[in-house]
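Below: one structure, written as structure tokens.
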There are 2 protein chains.
Amino acid sequence: MSVPQQASEGSRAVKRTIEFIRHHRLQKGDRLPSERELSDRFGVTRSSVREALAVLDALRLTERRPKSGIFLRNALEDSGLDSLVIQANLDLPFDERTMRDVSEARVIFETHAIRLACARRTDADLNRLRELVANYSSRVQAELNVANEDVEFHLAMAAASQNAIIVRTLTPLFLMSFQWRQKYFSSPVIRRRSLADHQEFVATIADRDETRAAALVQKHVHSAFDEVRAMAEGNEQPESHNQ
Amino acid sequence: MSVPQQASEGSRAVKRTIEFIRHHRLQKGDRLPSERELSDRFGVTRSSVREALAVLDALRLTERRPKSGIFLRNALEDSGLDSLVIQANLDLPFDERTMRDVSEARVIFETHAIRLACARRTDADLNRLRELVANYSSRVQAELNVANEDVEFHLAMAAASQNAIIVRTLTPLFLMSFQWRQKYFSSPVIRRRSLADHQEFVATIADRDETRAAALVQKHVHSAFDEVRAMAEGNEQPESHNQ
DNA sequence: CTACCAATCTGGTATGACCAGATTGGTATA
DNA sequence: TATACCAATCTGGTCATACCAGATTGGTAG
């Protein structure tokens, strides 16, 4: 799914810029240092800085005004959803509130997705889900990590809703938590429990049982988040909820 | 809100690249021409191409493998949600299915947002909404367009849900349709009707009346989409649903 | 105190060069 | 003929410079 790959200078510049914004507590509308200053502040070429700024622009975080300067367009917490994935990939931490909101949003969105899936899923969707569960199962049997397979399965359920926008919305919420997912699924017990849930998901979707499916989402997601939260509290210092 | 601003070479390169992918019907995993080839194909510098590719990478549309090539990571319809905004800004058309999904997703997300807003809104939220409606009203009175104010109001309602992720999810769905919104609100009749709805929204949120609020969202959004659809069918050729 | 202008700064873009790993096509070998 | 191997080539990653023209600004003349 997503390979590790060492950070390029461009990515590094994205990270440094975000850190700069955070560190200096820049507010919406504030001006950033010029490209030339950022480039020697970060020790990279202006090209790399410009690449980074193009990304931040795309995420609606910054705005470059020709012949004038670079301005903060949104607070970090209000930029594009896809920035969550980028932040996670750069090992930038999320604040507690974001974590809470992501958790809640995922339950809401996925509940709706699965309701629609129950109502509209095709036989092809069902077959695909069964294939994925079979594969999942064999990996659990083989004591392999199933972090990727879990994402694949949940997105496939979302896809069965026949609404691509919902899938595109859920995707970043999954990808941003990829590193926890990796840890979470390192436990064989959790893998087995998760497999059982997935099998039940398929059953409810097959039966078009919206009510049961919705309830299952709540349980499944909440238990996962609780577990991750517990792991996080046990392992690392507060305020750093990434990786 | 979002100024027109003529496209930079970087933006142009993003557009050209997306068009290239569309035109050649590239599939997930397919390889794109090298940066050097793209740059002289588009008539811009490699720097500009690289800036564009950085953006497409951020949207998870492409993947650059060092010393190897550029590969399509997702179909255009599966890339990051924020790409919708970029596509709209570049006047790239959306297909019918995307339009339908966006419409549905917006109703779903906004319905949930307003339900949460009813349950959790603070007095400050309520005051802000009232301010926005007052401003909206005076603009309607003055026969001014309220495209920006409409987005502002809907996002403020979403913000009253106390969940920033929901706001960040709805934002691109609003921004991608900014140009239609502009046309839509060019009609004084529609502006008045919309104002009445907004006033009712505030009332329901003030009363914490989830049921009425949810029903109102359905009506409000659906009528808007129907209107836009009718306008689109009347004015332009099929398959081009942007601008 | 105000109006105005020139030096300076800023983003946008273009050239060109070098690195090192990935790719590939042809050659020599079994 | 099939295979193993190696060197030329291609590719993304990065750096260094240079120019343009509009925005900004500080100081000067009125």
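Naming: A, B, ... by sequence-line order, numbering from 1 per chain.
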Is the A:Y136 ring parallel, tilted or perpendicular to the A:H198 ring (thresholds 30°, 60°)? tilted
Any side-chain heavy atom of A:L32 sitting closer than 4.5 Å to one from A:H24?
no
Between CD1 of B:I70 and C1' of D:dG13 the distance, given in whole Å, is 12 Å
Taken to the nearest whole Å, CZ/B:R46 to C1'/D:dT14 is 9 Å
Result for 5'-nearest mapping on DNA chain D, choosing between A:E51 and A:K67, is A:E51
query: Does B:R168 pair with A:E77 as a salt bridge, N-O distance under 4.0 Å?
result: no
Report task. Find out whether the Lys NZ or Arg CZ of A:R181 is both under 6.0 angstrom from the six-membered ring centre of A:F174 and within 45° of the ring's axis. Result -> no
Worksheet item: With a non-hydrogen cut-off below 4.0 angstrom, is B:R12 in contact with a base, only sugar-phosphate, or nothing?
Response: nothing
Mind checking if A:T45 touches a base, just sugar-phosphate, or nothing, with heavy atoms under 4.0 Å? base
By nearest-heavy-atom nucleotide on DNA chain C, the more 5' of B:S48 and B:R36 is B:S48
So the contacted stretch of DNA chain C, first to last nucleotide with an atom under 4.0 Å from a non-hydrogen atom of chain A, runs from C:dT10 to C:dT13
A:F42 atom CZ is separated from D:dG13 atom P, nearest whole Å, by 20 Å
To the nearest angstrom, the CD-C1' distance between A:E9 and D:dA16 comes to 15 Å
*Answer yes or no: is there a donor N or O on one side and an acceptor on the other, between the side chain of B:T45 and the main chain of B:S48, under 3.5 Å?*
no
- Query: What is the nucleic acid contact for A:R50, judged by heavy atoms within less than 4.0 Å: base, sugar-phosphate only, or nothing?
  - Reply: base
When B:S47 and B:E35 are each assigned the nearest nucleotide of DNA chain D, the 5'-most assignment goes to B:E35
**Asked** So, do A:E35 and A:R64 sit near enough that their side-chain heavy atoms are less than 4.5 Å apart?
**Response** yes
